[in-house]
Every structure is written in C-alpha cells, then in structure tokens.
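All figures in this text were calculated on a predicted structure; none of them were measured in a lab. FYI, side chains are in, hydrogens and waters are out, and symmetry mates aren't considered; it's all heavy atoms of this structure.
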Amino acid sequence: MTSSSTRKASDRIEGSGASQLVQLIRQIGYNDYDRFELATVVAPPPELRIKIDNMALELEADDVLVAEHLTRHKRIVTIKHEQDAERDVGDTEPKPRDNDSTGSLAWTYSYVEMQFEDVLKAGDRVLVASMNDGQSYVILDRVRKYGAESS
C-alpha cells in the first residue's frame, strides 16, 4: 500500500464515490477474520459462554468483551414528566401519552442514579465482532428478527 504522504499524482483514486471506496479497499486489503458474527448465549454471566454460529468451540467469559449496556450497570439520568405529553416510541399508534396517575402536571428528577439489571441470558441471540485475526471478540448487542416472539 502506498501511504498518502508518498502517493504520486498518478496514484490518485478517481471515479465515483463507490468506485473510490472499492479501489481503496483493494489497496488496503480485506481481512477475512475481522467481521461480524451471530452467536447464542449458552450460559449467562458470571460464567458467560457463547456459541458463535458455524464455529465448533464455545467462547467463555475470558474470551470476550461485553458492551456495557448488556451488563448490570449504573447511569446518572434525568427523568422528566409532562402530563399528557405524546411519546413517539416508533411502533405504537396512537402514540402513548406520559401519564402520572397522581395527576401531577410536571416534575423532573435530575442526577438520579439508575441501575440497569437486564444482563445476557441463556438463549439470547447476540451480534459479535471478531478482531485481531479472530483472537478477540466483542459482544455488541442483542439481536432478534421482527415478528419473532419476545420472551
């Protein structure tokens, strides 16, 4: 690969944006090992084990990193309520409305510590990225197909 500082005018990448991207990928190369994989959680934390689709071995907790939002963790949040404010949740019509059964019109709690409890569970399908020629793995998120029953 020619570095950008030593690239000659004749080495200039030309063409459409898509064509330039293809040429750049060809110059840099393609690493078959660094990719996204689907996997299934076999055992939950703390003895986490996952089985990557089409891979014979199971990976254990020491073999993977897990995105924080899939772990038990704390966040500092602000919670705001506005009575009857419409909330767009993306898949519900009519849109649900903010409702405080006490009838309070508005309130805000600032800098509240919230702990998220929903960790990975056996049977969860997850998206995994492999790195370092398949030597390191990161669980990025849970995945599911729309229309599949939620548990």
Side-chain angles (χ1 to χ4, degrees), residues 1 3-4 13 16-151:
M1 181 175 102
S3 72
S4 59
I13 297 175
S16 69
S19 173
Q20 290 176 1
L21 179 60
V22 168
Q23 291 174 57
L24 188 59
I25 289 170
R26 285 183 181 146
Q27 284 182 3
I28 294 172
Y30 171 76
N31 185 336
D32 186 55
Y33 294 99
D34 293 344
R35 58 185 176 210
F36 295 111
E37 305 278 0
L38 292 174
T40 302
V41 175
V42 176
E47 305 299 324
L48 179 66
R49 286 191 339 269
I50 65 169
K51 170 81 171 65
I52 295 180
D53 294 5
N54 303 313
M55 181 186 262
L57 300 174
E58 287 184 0
L59 300 176
E60 297 180 350
D62 292 344
D63 301 322
V64 298
L65 297 171
V66 180
E68 181 183 52
H69 69 277
L70 299 172
T71 66
R72 181 169 288 110
H73 67 283
K74 295 178 182 177
R75 293 285 175 131
I76 305 301
V77 300
T78 296
I79 301 172
K80 183 178 180 180
H81 161 70
E82 295 175 47
Q83 187 69 21
D84 291 325
E86 198 173 71
R87 304 295 185 199
D88 186 355
V89 295
D91 64 349
T92 303
E93 288 294 333
K95 292 180 176 71
R97 295 188 173 276
D98 196 341
N99 185 7
D100 180 342
S101 61
T102 67
S104 296
L105 296 181
W107 46 261
T108 300
Y109 294 115
S110 297
Y111 308 107
V112 176
E113 182 176 87
M114 181 180 287
Q115 181 161 317
F116 293 85
E117 304 286 351
D118 193 23
V119 300
L120 292 170
K121 294 174 268 319
D124 281 350
R125 295 287 286 160
V126 292
L127 179 64
V128 178
S130 66
M131 304 178 304
N132 303 324
D133 294 329
Q135 298 303 306
S136 301
Y137 295 86
V138 178
I139 300 175
L140 301 172
D141 213 340
R142 286 185 182 99
V143 295
R144 62 174 291 180
K145 287 185 177 183
Y146 265 101
E149 287 187 33
S150 60
S151 41

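Shortest non-hydrogen contact noted between I52 and E37 is CG2-CB, 3.7 Å. In plain terms, the two heavy atoms of A39 and V128 that are nearest each other are CB-CG2, 3.8 Å. Contact between F36 and L127 at its shortest, heavy atoms only, is CB-CD1, 3.9 Å. Here the closest non-hydrogen pair linking D124 and V119 is OD2-O, 4.4 Å. Heavy atoms only, all atoms of each residue included: Y111 and T78 are closest at N-OG1, 3.9 Å.
For the pair L70 and D141, the minimum side-chain heavy-atom distance is below 4.5 Å. Between H73 and T71, the closest side-chain pair of non-hydrogen atoms falls below 4.5 Å.
Under the side chain to side chain contact (heavy atoms under 4.5 Å, CB included) criterion, E117 pairs with R72, Q115, sequence neighbours left out. Scanning for ring-ring contact (aromatic ring centres under 6.0 Å, His included) contacts around H81 gives W107, with sequence neighbours left out. Applying the salt bridge (Lys or Arg N to Asp or Glu O under 4.0 Å) criterion to D98, with sequence neighbours excluded, gives R87. Contacts of P44 classified as side chain to side chain contact (heavy atoms under 4.5 Å, CB included), with partners at least two apart in sequence or in another chain: A122.
In this structure, CD1 on I76 lies 11.5 Å from OG on S110, to the nearest 0.5 angstrom. The CG atom of L65 lies 6.0 Å from the CE atom of M131; values are rounded to the nearest 0.5 Å. To the nearest 0.5 Å, atom CD of residue E86 and atom NZ of residue K95 are 5.5 Å apart. Taking CD1 from I50 and CG from L38, the interatomic distance works out to 11.0 Å, rounded to the nearest 0.5 Å.
Judged by distance alone, the side chain of T108 and the main-chain N or O of K80 form no donor-acceptor pair under 3.5 Å.
Pairs engaging residues 59-70 under the salt bridge (charged side-chain N to carboxylate O under 4.0 Å, His left out) rule: E68-R75 [sequence neighbours left out]. Within the structure, the salt bridge (charged side-chain N to carboxylate O under 4.0 Å, His left out) test picks out the following pairs touching residues 45-59 (sequence neighbours left out): R49-E58, D53-R125.
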